[in-house]
Every structure is written in C-alpha cells, then in structure tokens.
Amino acid sequence: MQDLVVVGAGPYGLSIASHAAAAGLQPRVFGRPMAAWRDGMPPGMFLKSEPWASNLSDPEGVYGLAAYAATQGVEAKHGVPLPVGFFASYGLWFADRAAPPVEERTVTAVRPRAGGGFEVTADDGAGGGETFLARTVVLAVGVRPFTDIPGSLRALPPEQVSHSVDHADLTRFKGQDVTVVGAGQAALETATLLAEQGTTVRVVARSHRLNWNTLPPPLSRPFGEAARAPHTGLGCGWKNWLYARTPGAFRRLPAPTRTRVFTSALGPAGAWWLRERFERTVGVRFGESVAAAVPAGGRVRLDLVSARGSVDTVTTDHVIAATGFTPRLDRLGLLDGRLRRSLRTVSPSGAPETDGLFETSHPGLFVTGLLSAPSFGPSMRFVLGATYTSGRVVRGVRRRLGTGTGHVHPGEPRETLPAGAAPTDWMERF
C-alpha cells in the first residue's frame with residue numbers, strides 16, 4: 001500500500017511532492033507536469049503575477065523562478081511580465097530537480113476502502129490501467145475540472161463553444177469571427193491575441209466597464225508609501241496582505257464571511273501591460289449577457305440581453321467562454337460518488353471543508369489549490385498559495401500516517417495578524 005498519492009502535477013502537486021520527498025515519504029505523483037500551462041495557454045500569453053510571487057515551493061527554497069531564470073541568462077524583474085511558456089519551462093525544470101518522478105498517467109477513480117485508505121485507479125490512455133491501494137490521497141487537480149460555461153451556451157456543440165482553458169493554439173480561428181464572453185484577464189488577453197492575428201473578435205461583458213490593474217510601484221519605496229499599501233503576491237494593499245499572509249486565520253472566519261470574500265475578492269481585471277493593446281484592437285459590448293445561443297447555418301446566433309431588457313442578435317463562428325471556475329465537488333468525477341456526498345462542504349460553494357492542514361472530513365483525503373480556496377481564501381487561486389500549502393499538507397499526511405505531530409516546524413513562517421485583530425473580525429475591519 002502506498003503511503004501517499006498526489007493527483008496532479010502542476011505547481012501545487014509538484015510542490016507538495018517536493019516537500020513529501022524531503023520529509024522521507026515516497027509519494028507517487030500522477031499527471032502531465034504543468035499541463036494547464038502547456039496545454040491551456042496559447043503562445044503570446046504572459047504571467048499576470050509578479051515573478052517573485054510565482055515560485056513553486058521546495059523545502060530549502062532554492063528552486064525558485066529567479067534561480068531558473070538565472071540558468072537561462074534571464075533576470076526575473078519586478079514589473080516585467082514573463083511569458084507563460086517560460087513559466088511552464090520553469091515548472092518542468094523544478095520537477096526534474098526538486099520533485100520525485102511524475103507518472104504521466106491520469107487518475108480516473110479514487111474510492112474509499114473498507115478499513116481505511118483508498119483504492120486508486122490510474123490509466124495511461126492506451127488501454128493500460130492499474131488499481132492500487134493508498135493510505136492518503138492529495139488532490140492537486142488544478143482548475144480544468146471546474147470550468148464554468150454559462151447555461152445559455154451549453155447546448156452548443158464543441159466546435160462552436162469552448163472555454164478559455166481549452167486553447168493552447170488560437171491560430172485555428174484566423175479569418176473567423178469569435179465572440180469572447182467575460183471581463184477578466186483570460187477574456188481580455190484571449191481577445192487581444194485573436195485580434196492581433198487577424199480574427200474578428202468582440203468581448204461581451206455583463207459589467208458596464210472594464211477594471212484594469214495599475215503598474216505596480218517599485219519594491220523599494222519610502223516607508224510611508226509601503227505602510228499605506230504593502231506589496232503582496234496578490235497586489236498592493238492591506239486586504240491583499242491579509243489574503244496572502246493569513247490563510248489559516250481566513251479559515252477560522254464564519255462560513256458566510258468566507259463565502260462573501262471568496263466570491264467577491266480580486267474580481268475580474270486586466271493586467272496593466274495589456275490595456276493599450278486591448279483598447280487598440282478589441283471592441284466591447286458592455287452591460288450585456290448571452291440570453292440564448294443556437295446553431296444557425298454552420299454559425300452561432302447569439303441573443304444578447306442588456307440590463308434594461310433589450311435584446312440584440314449577433315452571429316458569430318465560435319464562442320469562447322472566459323467565465324471562470326467554480327470548485328464544486330460534484331464536478332470532480334474521479335472521486336467516488338458516495339465519498340463526494342459524504343464530505344462536509346463550505347456552503348453554498350460546494351467545495352470541501354478542511355482542517356488547518358488541508359484534510360477533508362474523510363480521513364486521509366486532502367485538497368489543495370482552487371478546491372481549498374473557499375476554506376483558505378483567495379491566495380489559493382494562484383501559484384502563490386503553493387508555498388503556504390505544501391509543508392502543511394505534508395504535515396497533515398504525516399499526522400494521518402502516524403509519523404509526524406502536525407505542529408509547525410521551527411523556522412517555518414507563522415501567521416501574524418495586525419495588532420488587536422481577532423481571527424473572526426479582521427476581515428470586517430479591512
């Protein structure tokens with residue numbers, strides 16, 4: 001029986017595997033390394049996060065993005081966006097040096113086992129499969145299982161509608177007419193890349209204006225400026241500082257507060273470096289949403305309804321939904337149905353509730369990344385959260401296996417709240 005199985009080989013899965021191996025465990029890690037970055041982002045896209053906030057996590061902290069950049073003769077500079085392809089290459093470099101080997105197979109089933117532990121089935125995609133036993137399982141499955149496509153678009157065939165994460169190459173849309181639905185970075189950058197290659201493109205946004213991030217201030221600033229708006233891996237400001245630095249305190253907030261923050265914090269916004277390119281090439285239909293979508297002579301007819309109730313019709317070749325992700329357990333088909341239904345969830349999100357070490361209500365099952373964001377806050381939606389998560393998950397695994405105490409190790413950063421703030425009131429105060 002395996003002590004630990006890690007499902008997923010993106011930033012969270014690789015970071016957890018690195019910490020687990022350093023702790024003396026022998027994890028089996030399944031997935032295509034950095035798949036979301038290699039298979040779901042076309043050339044020309046850039047990281048929205050700062051390079052110093054985009055590190056995978058190893059216990060010694062020696063395999064950060066800056067270290068990889070140095071091997072390539074590149075400096076990862078604050079305020080200078082990096083191509084997503086560069087970040088994907090960094091993840092592969094990290095996997096080769098800081099993590100145990102990854103098995104490029106897909107875990108298709110995780111079932112609870114009588115007496116404890118799990119039955120795990122992995123498929124190599126070529127008709128070969130293996131079922132084995134594991135004492136603990138960590139789900140680091142990324143965002144792809146949780147894509148949101150508006151209900152009005154779901155009846156369209158796949159050749160006429162897709163999600164923004166479905167495209168590693170946008171050249172198939174050259175010479176076509178494409179409608180992008182959404183107002184966040186994925187929508188705005190996808191639309192810009194389409195327009196720049198000659199595709200006729202429009203953005204449909206429910207909002208009445210677009211939000212744009214501003215150029216980040218220098219890392220070194222006068223004390224007063226830094227105190228008013230401290231830098232964090234989620235952007236400047238005290239709210240972002242709290243999200244980035246105190247996920248454990250966030251978990252102790254009342255569930256309604258967590259839900260409100262999770263659904264509203266760090267909402268849709270475009271990167272500062274994209275704005276000029278976008279506004280030069282892409283038109284936006286503000287204050288509209290897709291009321292209906294039907295195939296029409298090989299194309300798609302969209303009925304767009306405004307906030308006032310008026311309806312306009314647009315005909316397009318393809319619709320790309322850049323409409324985000326919802327971390328609901330019922331979308332995670334690899335988990336046994338009875339196991340999914342037995343887990344305590346964060347209402348009304350449908351994501352699993354966890355303890356402070358990311359273990360769900362089912363002993364031995366851990367969740368990370370987007371699935372843990374309704375428990376630990378917005379930082380878990382980003383690579384930044386992998387650093388907080390990795391060591392704690394491994395401590396939880398060791399605790400479950402009976403080989404560790406689960407306590408914070410000496411030298412590991414502890415969460416600190418602003419003076420006088422209690423875990424249940426700090427969010428309301430900021």
Side-chain angles (χ1 to χ4, degrees), residues 36-37 40-50 53-54 79-87 143-144 146-150 153 161-174 176-216 234-236 240 263-290 302 304 306-307 314 316-326 370 378 381-383:
W37 305 88
M41 298 187 190
M45 281 194 167
F46 288 84
L47 285 183
K48 190 180 182 186
S49 58
E50 291 296 326
S54 304
V80 179
L82 288 171
V84 294
F86 185 91
F87 180 71
V143 300
R144 186 175 288 275
F146 310 111
T147 53
D148 272 335
I149 292 182
L153 297 173
V161 65
S162 58
H163 195 275
S164 55
V165 300
D166 294 331
H167 301 291
D169 184 1
L170 294 171
T171 58
R172 59 171 282 204
F173 298 116
K174 282 185 176 180
Q176 296 189 34
D177 183 295
V178 174
T179 298
V180 179
V181 179
Q185 176 69 8
L188 306 181
E189 194 170 11
T190 297
T192 300
L193 292 174
L194 287 167
E196 290 176 344
Q197 72 175 16
T199 300
T200 300
V201 62
R202 70 191 59 78
V203 166
V204 175
R206 289 181 299 177
S207 59
H208 292 279
R209 65 181 182 87
L210 299 177
N211 294 317
W212 294 96
N213 299 132
T214 58
L215 176 69
L234 303 177
C236 289
N240 290 339
T263 56
S264 62
L266 304 176
W272 61 270
W273 44 262
L274 180 67
R275 185 170 187 171
E276 182 180 352
R277 291 168 55 200
F278 177 87
E279 293 179 341
R280 188 173 62 241
T281 56
V282 181
V284 184
R285 297 187 63 120
F286 289 109
E288 295 184 327
S289 57
V290 180
L302 299 176
L304 304 180
S306 72
V314 168
T316 191
D317 294 312
H318 191 90
V319 183
I320 296 178
T323 42
F325 312 89
T326 300
L370 185 64
R381 290 158 39 192
F382 303 92
V383 174

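Between His167 and Ser162, the closest side-chain pair of non-hydrogen atoms falls below 4.5 Å. For the pair Val319/Val181, a side-chain contact is recorded, criterion being any heavy-atom separation below 4.5 Å from C-beta on. Within the 4.5 Å cutoff, the side chain of Gln176 has no heavy atoms near those of the Thr200 side chain. Side-chain contact between Pro42 and Leu170 is present, with at least one heavy-atom pair separated by less than 4.5 Å. Side-chain atoms of Val201 and Val180, non-hydrogen and from C-beta on, do get closer than 4.5 Å to each other. Ser49 is not listed as a side-chain neighbour of Phe382, based on a closest heavy-atom distance of 4.5 Å or more.
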**Asked** Could you go step by step and tell me if Val314 and Arg285 meet the side chain to side chain contact (heavy atoms under 4.5 Å, CB included) rule?
**Response** CA-CA 11 Å; Val314 168; Arg285 297 187 63 120; 3.6 Å; yes
**Message:** Go through it in stages, so that I can follow the logic: the residues are Leu210 and Glu279, the test is side chain to side chain contact (heavy atoms under 4.5 Å, CB included), and I'd like the CA-CA distance, side-chain angles, deciding distance and then a yes or no.
**Reply:** CA-CA 11 Å; Leu210 299 177; Glu279 293 179 341; over 6 Å; no
**Verdict with reasoning, Thr214 to Trp272, per side chain to side chain contact (heavy atoms under 4.5 Å, CB included)** = CA-CA 5 Å; Thr214 58; Trp272 61 270; 5.5 Å; no
**Request:** Please lay out, stage by stage, how Val165 and Phe146 fare under the test side chain to side chain contact (heavy atoms under 4.5 Å, CB included).
**Result:** CA-CA 11 Å; Val165 300; Phe146 310 111; over 6 Å; no
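Residue Ala205 comes nearest to Val284 through the heavy atom pair CB-CG1, 4.3 Å, listed as atom of the first residue, atom of the second, then distance. Pro150 approaches Thr323 most closely through the heavy-atom pair CD-OG1, 3.6 Å. Scanning all heavy atoms of the two residues, the minimum distance from Ala168 to Gly40 falls at CB-N, 4.4 Å. A pairwise comparison of heavy atoms in Pro216 and Gly79 identifies CG-CA, 4.2 Å as the closest pair.
Asp148 and Thr326 share a side-chain donor-acceptor pair at under 3.5 Å. In this structure, a donor-acceptor pair under 3.5 Å is absent between the side chains of Thr190 and Ser164. No donor-acceptor contact under 3.5 angstrom links the side chains of Thr179 and His318, judged on distance only.
How far CG of Leu274 is from CD of Gln185: 5.5 Å, rounded to the nearest 0.5 Å. Taking CZ from Phe46 and CZ from Phe87, the interatomic distance works out to 15.0 Å, rounded to the nearest 0.5 Å. For the atom pair CG of Leu194 and CZ of Phe173, the computed distance is 7.0 Å after rounding to the nearest 0.5 Å. Between atom NZ of residue Lys174 and atom CD of residue Gln197 there is a gap of 6.0 Å, rounded to the nearest 0.5 Å. One distance of note links CG of Leu47 with CE of Met41; it measures 8.0 Å at 0.5 Å rounding. We find the CG-CG distance between Asp169 and Leu193 to be 11.0 Å, quoted to the nearest 0.5 Å.
Contacts classified as salt bridge (Lys or Arg N to Asp or Glu O under 4.0 Å) and involving residues 202-211 (residues at least two apart or in different chains) are given here: Asp177-Arg202.
Side-chain atoms of Thr192 come within 3.5 Å of backbone atoms of Leu188 as a donor-acceptor pair (strictly under, hydrogens ignored).
Residues Phe325 and His163 place their aromatic rings such that the two centres sit under 6.0 Å apart.
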